Amino acid sequence: MGDKVSKIGVWGMGGIGKTTIMSHINNRLQKETNKFNDVIWVTMSQPLDLIKLQTEIATALKESLSENEDKVRRAGRLLGMLKAKEKFVLILDDMWEAFPLQEVGIPEPSEENGCKLVITTRSHRVCRSMKCKHVAVELLSKHEAFNLFIDGVGSSILQVPALNKEIINEVVEECGCLPLAIVTVAASMSGEEEIYEWQNALNELRGRLRSLNDVDTKVFGRLEFSYHRLKDEKLQQCFLYCALYPEDFAIPKDELIDYWIAEGFIDEVKDVPAKYDRGHTILNRLINCCLLESVKDGGCVKMHDLIRDMALRITSKSPLFMVKAGLRLLEFPSEQEWEENLERVSLMRNNIMEIPSNMSPHCEILSTLLLQRNGNLQRIPECFFVHMHGLKVLNLSRTNIEVLPSSVSDLTNLRSLLLRWCRRLKRVPSLAKLLALQYLNLEGTRIEEVPEGMEMLENLTHLYLSSLQLKKFPTGILPRLRNLYKLKLSFGNEALRETVEKAARLSDRLDTFEGIFSTLNDFNIYVKSIGIFSKNYILQLWGSARWRFLTHLIPKNYTHLGVDKSVFLEGCKICEREEPIVLPEDVQCLDMYWVDDVASLNDVLPREQGLVNIGKFSHDLKVLRFVRCNNLKNLFSLRLLPALQNLEVLEVGGCDSIEEIVAVEDEETEKELATNTIINNAKLHRLKKLCFSNLPEFKSFCSNNGVLVCNSLQEIEVYDCPKLKRLSLSLPLLDNGQPSPPPALEVIRIKKELWESLEWDQANAKDVLNPYCKFVER
């Protein structure tokens, strides 16, 4: 990108590689931190949604915009955020419509401000309208197409005696030199070495394309070849199910597998862990066939929009789907659109306000109905589900309904009933007949009593029942639910001790238990009851005074670090003399939010006869996070370091009093430091991320001029720490004695003025780290 070109439009037909090209450029720019202060990538939605675009740009900047403000005010605030970045690159992928930049709050890129805008689009007209210098992406040459195909199918195919180069070339030619078609066909042929397989594949491709005339349908014909090559009908059903999500949506893998299990696509294995293993195996097969791509650190999958269009083309006939997901619909589809042979319907993520009061679609073979995230939907007619006896999956999460129709009680084939965060839902009808039910999610609802007939649900494997209004959980129910795999319960102020202990006794046969406790006593009873080395858990203790206020707080997810044992303490008192908190001895993540009676991590350590017993504190801790703990003076003492050798993430934010992280708290250690008997090095060899934000009194990481040794560090973030003098990093040394950056270091986010003012213990340390800096405005 030359300095004189400020707006670039990369255009070409779908599947030609525009996004792939820009992904490579984005990755390169992210590493070249000296050229731009920020590189922002946003995938555009269809239809164009400027409010969503504003939100996604702000999120990429690690900022936020109020949902209550209008577009004009948001544009003003976003303009300020982007101008503060000075030089940035904004990449808008997959644009379908032009729009005025000022309407969103994007400053006009120019040679003077050094900013760049890059768009990818299928439309030359969009490039012209956005006044971009256009760059056309052409089809591959025959030579390039052949090489790309060989990369996908594996170069060893050229060594197979039974295959000649001619038939491989013929298959490549049928792909039309289109990269997406080439990689999907190549993936579907990978491992095939018999000549008859290749001849058959060539015949199939030619047969599909012979009846198609225009360019677009020929593209779909090539992609459908890869779908039909799956051969296994259940594998094909699993693939088509992904099309129920909106375009460009990152689909959580476990959520998708849960749907597949409920639909019966994975019935060949019986126990739940084996079903998940089979589900992940299917996902890997679809990824390896290039029909899905893995995103978000491998936790989600995505469909290329052209692959999704191909799937929707298939499901417009058989099996028949109705997919209107993420289209901002205001009105519910008319009864004429609910055809009798509909098998799956997705209306998720719209603005539907009501379902006509007399609507009762005759859809006896409908198996999935996804209505989640229609936040304005308040009522479902009593008759709506009367003719849907085949329904297996019903998702009404994040709707505004108050009552679930009693006709749901007769959906005897239902396996998954999802009502998560239906914040106004007060009543659920009897579940006694729903004997096939495996998933029941009532998290974040307002139900006060356990639904009638829940003791009959012996096939239940996933139960999420954390309602703020739920007062009691009858003690006789849990023992009846013998197949539970995941359980989430909230224990209100009236929780019975017997219920807490029974939940603890279940922990051995559960994969994961999530408990929300409103009293320290119940929390401690549970921890004491589970004993040592329990299975996976997420335990939350919420102070009753803040219970309602904190409902918007969703605990951070650290599963990518292998964290499956977490404790979140929020708005509560945990250092009472009569009853101090008892932490599990194998906790891996400790997260405190608004815990005002803690001055140091030492305050929550186990004690015996008044003395801290470090041996009984978890040596498995990977994540330590303190937010708004206003009496926190320091995090831990030098003596505690041996117990923190597995720590990978350390975050401290909004703590008004903290001055340092590692403190020397006892006279004996101070004397040893003064006489050099011990060295004041805080060694955290596995630490990957350090984040300090909004700490008005924070001065240094270690007291007594100590230094932090952590050569595995990847990210450092420092925001709003005006009194910070020393970062206290000890850098590894080269053979010539000069400091070098930690080998894994990727980025340092810090305000430029603060960075320039920092003092360093090692000469040249700042110069060595400077290339990794991304300067921020706070």
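Just so we're clear, the structure is a prediction, and the values are computed from it rather than from any experiment.
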Side-chain atoms of residues 326-336: list all donor-acceptor pairs with protein atoms under 3.5 Å, sequence neighbours left out, distances to 0.1 Å.
unit_1, atom_1, unit_2, atom_2, d
Arg328, NH2, Leu48, O, 2.6
Ser334, OG, Gln336, OE1, 3.3
Ser334, OG, Glu337, OE2, 3.4

Donor-acceptor list for residues 172-187 side chains, cut-off 3.5 Å, not counting sequence neighbours:
unit_1, atom_1, unit_2, atom_2, d
Glu174, OE2, Arg206, NE, 3.3
Thr184, OG1, Leu180, O, 3.0
Thr184, OG1, Ala181, O, 3.1

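A distance of 7.0 Å separates CG of Leu240 from CD of Gln236, quoted to the nearest 0.5 Å. Put simply, CG on Leu292 and NZ on Lys302 are 12.5 Å apart, with the number rounded to the nearest 0.5 Å. Taking NE2 of His362 as the reference point, atom NE2 of His387 lies at 3.5 Å (rounded to 0.5 Å). The CG atom of Leu92 sits 5.5 Å away from atom CE of Met44, with the distance rounded to the nearest 0.5 Å. Residue Lys7 holds its NZ atom at 9.0 Å from CD1 of Ile119, rounded to the nearest 0.5 Å. Summarising the geometry, atom CG belonging to Asn147 is positioned 11.0 Å from atom OG belonging to Ser155; distances are rounded to the nearest 0.5 Å.
Electrostatic pairing of Arg415 and Asp267 counts as a salt bridge here, judged by a charged N lying under 4.0 Å from a carboxylate O.
At distances below 3.5 Å, at least one donor-acceptor pair connects side-chain atoms of Lys218 with backbone N or O atoms of Leu209. One N or O on the side chain of Lys253 and one on the backbone of Gly298 form a donor-acceptor pair closer than 3.5 Å. Side chain of Lys392 to backbone of Glu263: a donor-acceptor contact under 3.5 angstrom is found. Listed for the Thr43 side chain is no donor-acceptor partner under 3.5 Å among the backbone atoms of Asp93. The main-chain N or O of Ile266 is found under 3.5 Å from a side-chain atom of Lys275 such that the two form a donor-acceptor pair. Between the side chain of Asn374 and the backbone N or O of Leu347 there is at least one donor-acceptor pair closer than 3.5 Å. Ser367 contributes a side-chain N or O that, together with a main-chain N or O of Glu343, makes up a donor-acceptor pair within less than 3.5 Å. No side-chain donor-acceptor contact under 3.5 Å links Asp248 to the backbone of Ser45. Under a 3.5 Å cut-off, the side chain of Lys296 and the backbone N or O of Ile251 do not form any donor-acceptor pair. Judged by distance alone, the side chain of Ser397 and the main-chain N or O of Arg420 form a donor-acceptor pair under 3.5 Å.
Under the side-chain contact (heavy atoms from CB on, under 4.5 Å) criterion, Val386 pairs with Ser360, Cys383, Ser407, sequence neighbours left out. In this view, Phe88 satisfies the ring-ring contact (aromatic ring centres under 6.0 Å, His included) rule with no residue, not counting sequence neighbours. Residues forming a side-chain contact (heavy atoms from CB on, under 4.5 Å) with Asp297 (at least two apart in sequence, or on another chain): none. For Gln199, there are no side chain to side chain donor-acceptor pair (under 3.5 Å) partners, not counting sequence neighbours. Taking Phe239 as the reference, Tyr227 meet the ring-ring contact (aromatic ring centres under 6.0 Å, His included) condition, with sequence neighbours excluded. Not counting sequence neighbours, the partners of Lys71 by the side chain to side chain donor-acceptor pair (under 3.5 Å) test are Glu103. With sequence neighbours left out, Phe321 forms a ring-ring contact (aromatic ring centres under 6.0 Å, His included) with no residue at all. Under the ring-ring contact (aromatic ring centres under 6.0 Å, His included) criterion, Tyr464 pairs with no residue, sequence neighbours left out. Among residues two or more places apart in sequence or in another chain, the side-chain contact (heavy atoms from CB on, under 4.5 Å) test is passed with Glu144 by Leu140, Ser141.
With a 4.5 Å cut-off on side-chain heavy atoms, Leu50 and Gln54 do not count as touching. Counting heavy atoms from C-beta outward, Tyr259 and Leu244 have side chains that stay 4.5 Å or more apart. Counting heavy atoms from C-beta outward, Leu223 and His304 have side chains that stay 4.5 Å or more apart. Contact check for Ile8 versus Met22: no side-chain heavy atoms found under the 4.5 Å cut-off. A heavy-atom distance below 4.5 Å is not found between the side chains of Phe146 and Lys142. Within the 4.5 Å cutoff, side-chain heavy atoms of Met130 are placed close to those of Leu101. Inter-residue side-chain proximity for Gln30 and Trp41 is flagged as unmet; no heavy-atom pair is nearer than 4.5 Å. Side-chain contact check for Met348 versus Val323: every heavy-atom pair is 4.5 Å or farther apart.
Relative orientation of the Trp11 and His124 rings is tilted, given thresholds of 30° and 60° on the angle between their planes. Between Phe149 and Trp198, the ring-plane angle classifies as perpendicular under the 30° and 60° cut-offs.
Across Met95 and Ala98, no two heavy atoms sit closer than the pair CE-CA, 4.1 Å. Contact record, Val269 with Arg278: CG2-CB, 4.4 Å, taken as the closest heavy-atom pair. Pairing each heavy atom of Leu419 with each of Leu396, the nearest pair is CD2-CB, 3.8 Å. When every heavy atom of Val104 is checked against every heavy atom of Ile57, the shortest pair comes out as CG1-CD1, 4.3 Å. Summarising the geometry of Ile157 relative to Glu192, their closest heavy-atom pair is CD1-O, 3.2 Å, with the distance given to 0.1 Å. Between Gly9 and Cys132 the shortest heavy-atom distance is N-CB, 3.4 Å.
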(message) Under the criterion side-chain contact (heavy atoms from CB on, under 4.5 Å), I'd like the reasoning laid out for Ile282 against Phe265: C-alpha separation, chi angles, the key distance, then a yes or no.
(response) CA-CA 10 Å; Ile282 291 170; Phe265 298 160; 6.0 Å; no
(request) Any chance you could lay out the side-chain contact (heavy atoms from CB on, under 4.5 Å) test for Arg313 and Thr217, step after step, and finish with the verdict? (result) CA-CA 10 Å; Arg313 191 167 179 263; Thr217 53; 4.2 Å; yes
(message) side-chain contact (heavy atoms from CB on, under 4.5 Å) for Gln372 and Leu418? Distances and angles first, verdict last.
(response) CA-CA 9 Å; Gln372 66 265 34; Leu418 308 176; over 6 Å; no
(request) Could you give me the CA-CA distance, side-chain angles and deciding distance for Tyr276 and Asp271, then say whether side-chain hydrogen bond (donor to acceptor under 3.5 Å, both in side chains) is met? (result) CA-CA 9 Å; Tyr276 279 110; Asp271 67 301; over 6 Å; no
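Among pairs with a residue in residues 122-140, those fulfilling salt bridge (charged side-chain N to carboxylate O under 4.0 Å, His left out) read Arg122-Asp305, at least two apart in sequence or across chains.
Open room surrounds CD on Glu233; 12 or fewer heavy atoms of other groups in view lie less than 6.0 Å from it. Summarising the local packing, CE of Met359 is surrounded by more than 12 heavy atoms from other residues, nucleotides or ligands at distances under 6.0 Å. Within 6.0 Å of atom CD in Glu293, more than 12 heavy atoms from other residues, nucleotides or ligands are found, so the atom counts as buried in its surroundings.
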